[in-house]
There are 2 protein chains.
Amino acid sequence: MKPSVGIRDVAQHAGVSNATVSNVLNRPDVVAPATRQRVLAAIEELGFVRNESARQLRAGSSRVIAYVVLDAANPFFTDVARGVEDAAREAGLALFLCNSASDGGREREYLELLHEQRVEGILITPVDAASARIAERGTPVVLVDREATDGTRCSVAVDDVLGGELAVTHLIENGHTRIAMIGGPLSIQQVRDRREGAMRALTNAGLPADALTFLETRSLQVAEGRGAGERLVGLPASRRPTAAFCANDLLALGLLQSMTQQGLRVPDDLAVVGYDDIEFAAAAAVPLTSVRQPREQLGRTAAQLLLTENEPDHEHRHVKFQPELVVRASTAIKRRP
Amino acid sequence: MKPSVGIRDVAQHAGVSNATVSNVLNRPDVVAPATRQRVLAAIEELGFVRNESARQLRAGSSRVIAYVVLDAANPFFTDVARGVEDAAREAGLALFLCNSASDGGREREYLELLHEQRVEGILITPVDAASARIAERGTPVVLVDREATDGTRCSVAVDDVLGGELAVTHLIENGHTRIAMIGGPLSIQQVRDRREGAMRALTNAGLPADALTFLETRSLQVAEGRGAGERLVGLPASRRPTAAFCANDLLALGLLQSMTQQGLRVPDDLAVVGYDDIEFAAAAAVPLTSVRQPREQLGRTAAQLLLTENEPDHEHRHVKFQPELVVRASTAIKRRP
DNA sequence: CCTCGATGTTGAAACGTTTTAACGCCTGAG
DNA sequence: CTCAGGCGTTAAAACGTTTCAACATCGAGG
């Protein structure tokens with residue numbers, strides 16, 4: 001490792017004091033143009049890179065925020081992250097992405113690390129309700145895609161109950177009366193909310209609660225969707241649902257694959273609704289009906305809320321967006337031959 | 001903001017010196033169990049969080065590495081990132097993900113930031129050749145999915161020339177003699193390599209170079225694939241290729257969508273080969289033939305190489321993996337009615 | 001000629017840790 | 001009783017910045 005050139009080396013090389021170098025770095029306008037040039041030249045020549053730790057230690061602020069994402073492999077979250085990043089960069093902040101991968105332990109570790117790093121703020125889509133209540137340790141936290149139940153912090157969410165209701169109402173209107181909902185684990189708030197919305201749709205339509213079969217999955221990933229498909233087909237034909245509402249598009253895509261593999265047709269044998277409307281939903285084997293959420297706006301808004309967090313008269317806000325149903329081929333009206 | 005409790009506050013509260021608190025934090029075994037308990041209790045009680053900046057400033061090391069990814073929305077890279085993270089976490093390092101989003105400026109900013117942060121090491125899939133040559137500033141850098149041409153750093157790559165050759169050879173064997181390659185911009189090394197492989201396949205089969213029409217795109221994203229599809233269909237039927245090799249799966253998925261929309265059939269009117277074999281390739285409208293790369297292993301290996309970087313007798317290594325063709329429906333043999 | 005304000009520069013004191021050498025205490029051996 | 005050695009603890013010196021009050025220098029206004 002190089003002897004690591006510091007601000008004093010630069011100062012000496014340029015024939016000024018270290019305070020002046022610091023000024024060139026942080027308040028260029030306050031130093032005379034000639035000196036500034038000389039210092040910049042010295043910086044260039046010596047290959048000086050400011051030591052952020054020292055800067056932060058003294059200055060107290062870090063110019064970095066972080067987004068702890070639930071599943072970096074889910075395009076929904078990468079889209080949210082893009083919104084976050086755009087907003088952050090407009091505000092002159094850098095963004096660190098951390099992937100909890102739905103693992104509470106990992107999430108805790110990252111939060112601890114971020115607190116230690118004294119980031120300016122943390123955006124998080126928490127793994128479960130417990131972690132959503134994480135002790136605030138001086139760093140502002142904004143919940144993303146999850147509503148803060150207590151008023152202790154800001155949150156940006158989408159009305160998942162409404163989303164579930166939209167999806168299942170659509171299926172009911174298409175004539176389905178035996179419907180499966182696929183999703184899990186139930187420790188995830190979104191899954192619970194979407195199920196609640198589904199139940200509400202049944203009630204609204206005067207259908208009994210057992211018109212909905214809930215198949216719980218271990219995660220919200222493609223492979224689990226395939227597994228659920230097999231379980232579904234395994235059911236006796238008389239009780240087998242004619243439509244499925246998946247808690248996200250990854251599950252729906254897996255389900256779709258599984259149906260094709262088992263020789264069943266979508267939507268004829270099984271209508272499918274997904275959730276999130278990720279880009280791949282439209283490109284699927286059967287273009288997927290899905291519930292669209294304003295992904296980038298979700299992230300962008302969350303970042304903006306975070307920025308208001310240390311304003312003097314800040315009070316926590318809870319923004320809630322409306323989802324929207326996008327109808328495609330996977331729920332085309334059932335043919336009655 | 002809270003008055004921020006420091007190590008000395010803890011020390012005072014526990015009736016010991018700050019050095020002892022530091023020992024509890026870093027070398028718990030060296031301090032007497034009773035004292036340790038007392039200190040831990042004080043930490044808990046005061047809600048002390050170690051200031052990482054100060055730690056790092058004094059200790060010199062950061063326990064963090066970073067992966068600057070080319071496109072966080074591309075599942076290929078999130079899979080690579082997962083491999084990186086697994087390896088990092090096994091080594092007790094945290095991983096920060098930075099998304100350059102194929103933007104050279106963004107990439108430079110992040111690299112600067114990471115240097116300032118004095119991260120232990122940087123993994124990067126660079127935007128273009130210029131950025132791949134980025135001045136090393138004391139922080140070890142490993143190239144991911146790109147070969148380091150000079151011997152100045154380690155790299156982990158996949159043989160893209162071979163990949164392109166596999167894809168196009170497969171198309172030729174299926175009887176295609178007018179083939180399109182879709183990808184870009186050409187500033188991306190992978191695109192150039194895959195095209196070179198495609199040309200080699202032509203040569204091997206004794207086909208003229210103009211059997212391959214290269215359609216350059218502005219990026220490697222789904223929307224560009226759709227655009228390319230329209231351009232393709234716009235060609236006079238006599239010159240229109242009967243098969244397309246896409247530089248990645250996102251383009252291929254876009255192309256697929258575009259074909260369906262324009263009423264053409266895959267593979268009958270156009271056979272399609274993608275690249276990367278992302279999870280969604282198998283779930284596409286027409287399951288996609290694709291060139292598979294060992295994604296997670298790529299990331300894992302890169303992280304491991306990075307870790308060897310500050311061993312005393314380190315010499316830069318260039319690992320190169322072999323890709324593999326996965327044949328699916330999108331290149332099923334052309335029917336000749 | 002003196003004073004004043006503006007403009008540029010600087011010396012030195014933080015910031016909150018880790019680290020090192022030294023310290024006091026206790027125990028067991030001589 | 002003395003002394004060597006081990007053990008646990010500590011005072012104080014870093015680490016590389018930023019910041020602030022103070023200090024030159026200079027031109028203009030009185």
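Chain letters run A, B, ... following the sequence lines, proteins first and then strands; every chain starts at 1.
Here the side chain of B:Gln190 pairs a donor or acceptor atom with the backbone of B:Asp145 at under 3.5 angstrom. Looking at B:Asp9, its side chain does come within 3.5 Å of a backbone N or O of B:Gly6 through a donor-acceptor pair. In this structure, A:Arg146 contributes its side chain and A:Gln189 its backbone to no donor-acceptor pair below 3.5 Å.
Across the protein-nucleic acid pair, B:Asn18 atom CG and C:dC15 atom P stand 14 Å apart, rounded to whole Å. Atom CZ in B:Phe48 sits roughly 11 Å away from atom P in C:dG16 (whole-Å rounding). Rounded to an integer number of Å, the gap from NE2 of A:His115 to C1' of C:dT17 is 19 Å. Note: CG (B:Asn51) to C1' (D:dG16) measures 14 Å, nearest angstrom. Going from atom CZ of A:Arg58 over to atom P of D:dT18 covers 10 Å, rounded to whole Å. In this structure, B:Glu52 places its CD atom 20 Å from P of C:dC15, rounding to the nearest Å. As a whole-Å value, the separation of B:Asn23 CG from C:dC23 C1' is 15 Å. To the nearest angstrom, P of C:dT17 lies 15 Å from CZ of B:Arg27.
The residue A:Ser53 sits apart from the nucleic acid: no heavy atom pair falls under 4.0 Å. Within 4.0 Å of A:Ala32, counting heavy atoms only, lie sugar-phosphate atoms of the nucleic acid but no base atom. Nucleic acid contact for A:Asn26: sugar-phosphate only, since backbone atoms but no base atoms lie under 4.0 Å from a heavy atom of the residue. Residue A:Arg8 is classed as a base contact, given a heavy-atom separation below 4.0 Å to a base.
Ranking C:dG8, C:dG16, D:dG16 by closeness to the B:Ser4 side chain, first place goes to C:dG16. Nearest nucleotide to the side chain of B:Ala19, out of C:dT10, C:dT9, D:dA12: D:dA12.
In this structure, A:His314 has its ring center under 6.0 Å from that of A:His316.
Both A:Leu25 and B:Val31 lie near DNA chain D, and the one whose nearest nucleotide falls closer to the 5' end is B:Val31. When the nearest nucleotides of DNA chain D are assigned to B:Asp29 and A:Val21 by heavy-atom distance, the more 5′-ward of the two goes with B:Asp29.
Regarding contacts with the backbone of C:dT10, a side-chain N or O of A:Thr20 is found under 4.0 angstrom from either OP1 or OP2. Regarding contacts with the backbone of C:dG16, every side-chain N or O of A:Arg118 stays at 4.0 angstrom or more from both OP1 and OP2.
Checked against A:Ser61 for a side chain to side chain donor-acceptor pair (under 3.5 Å), the options A:Gln56, A:Arg118, A:Arg55, A:Glu120 give a single hit: A:Arg55.
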